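Notes to accompany the following structure.
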Amino acid sequence: MDRFLGIVENGRLNIMMPREHCCTVKLTQIAKPAVSAEELATSHELDLSQYEGCAIMVTGELPEKRGWIFEAKIIDTAGPILTEVVRSLFC
């Protein structure tokens, strides 16, 4: 499992670290399907509304060009001060 640091914006995670994975994704609890299964991923999507505007750290699998982090688990959340530090370091 990889770790991703980002800020939740408009219900999606804007990945800031690792930099090579910078993009905006949704999170789902299911394992990466062998074929594209948008409906299945959506049915297990994590609701990020409570983290809106906050930095979070997530573990999971990010396949190329999928738009989802699979097997996602939120492992830490930042308060307002640390969120601003993350924003200033990576934006």
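Keep in mind that what you see is a predicted model, and the values were worked out from it rather than measured. The basis for the numbers below is simple: all heavy atoms, side chains too, and nothing from hydrogens, waters or symmetry mates.
Side-chain atoms of Thr83 come within 3.5 Å of backbone atoms of Ala55 as a donor-acceptor pair (strictly under, hydrogens ignored). No side-chain donor-acceptor contact under 3.5 Å links Gln29 to the backbone of Phe70.
Counting heavy atoms from C-beta on, the side chains of Leu40 and Ile30 come closer than 4.5 Å. In this structure the side chain of Ile7 reaches within 4.5 angstrom of the side chain of Met16, judged on heavy atoms. Residues Glu39 and Thr42 fail the side-chain proximity criterion, which asks for heavy atoms closer than 4.5 Å. At least one side-chain heavy atom of Leu62 sits under 4.5 Å from a side-chain heavy atom of Ile15.
Summarising the geometry, atom CG belonging to Leu48 is positioned 7.0 Å from atom CG belonging to Leu13; distances are rounded to the nearest 0.5 Å. Between the CZ atom in Arg19 and the CZ atom in Phe90 there is a gap of 5.5 Å [rounded to 0.5 Å]. One finds the OG1 atom of Thr59 at 10.0 Å from the CG atom of Leu27 (value rounded to the nearest 0.5 Å). Considering CG of Asn14 and CZ of Arg87, their distance stands at 9.0 Å, rounded to 0.5 Å. Here the straight-line distance linking atom OG1 of Thr28 with atom CD1 of Ile69 works out to 11.0 Å at 0.5 Å rounding.
Across Val58 and Ala72, no two heavy atoms sit closer than the pair CG1-CB, 4.1 Å. Heavy atoms only, all atoms of each residue included: Val25 and Cys23 are closest at CG1-SG, 3.6 Å. Taking all atoms of both residues into account, the shortest heavy-atom contact from Arg12 to Lys26 is NH2-CE, 3.0 Å. The two residues Phe4 and Pro18 make their nearest non-hydrogen contact at CD2-CD, 3.9 Å.
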>> Set out, in order, the CA-CA distance, both residues' side-chain angles and the distance that settles side-chain contact (heavy atoms from CB on, under 4.5 Å) for Ile75 and Arg3, then state yes or no.
In response: CA-CA 9 Å; Ile75 59 171; Arg3 293 191 330 177; 4.1 Å; yes
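For Ile81, the CD1 atom counts as loosely surrounded, since its 6.0 Å shell holds 12 or fewer non-hydrogen atoms of other residues, nucleotides or ligands.
Note on Tyr51: it does not cluster hydrophobically with Leu82, by side-chain heavy-atom contacts below 4.5 Å among ILVMFWY residues. In this structure, Met57 is a member of the same hydrophobic cluster as Val85, with clusters built from ILVMFWY side-chain heavy atoms closer than 4.5 Å. A continuous path of Ile, Leu, Val, Met, Phe, Trp and Tyr side chains, each step under 4.5 Å between heavy atoms, connects Leu46 with Val8, placing both in one hydrophobic cluster.
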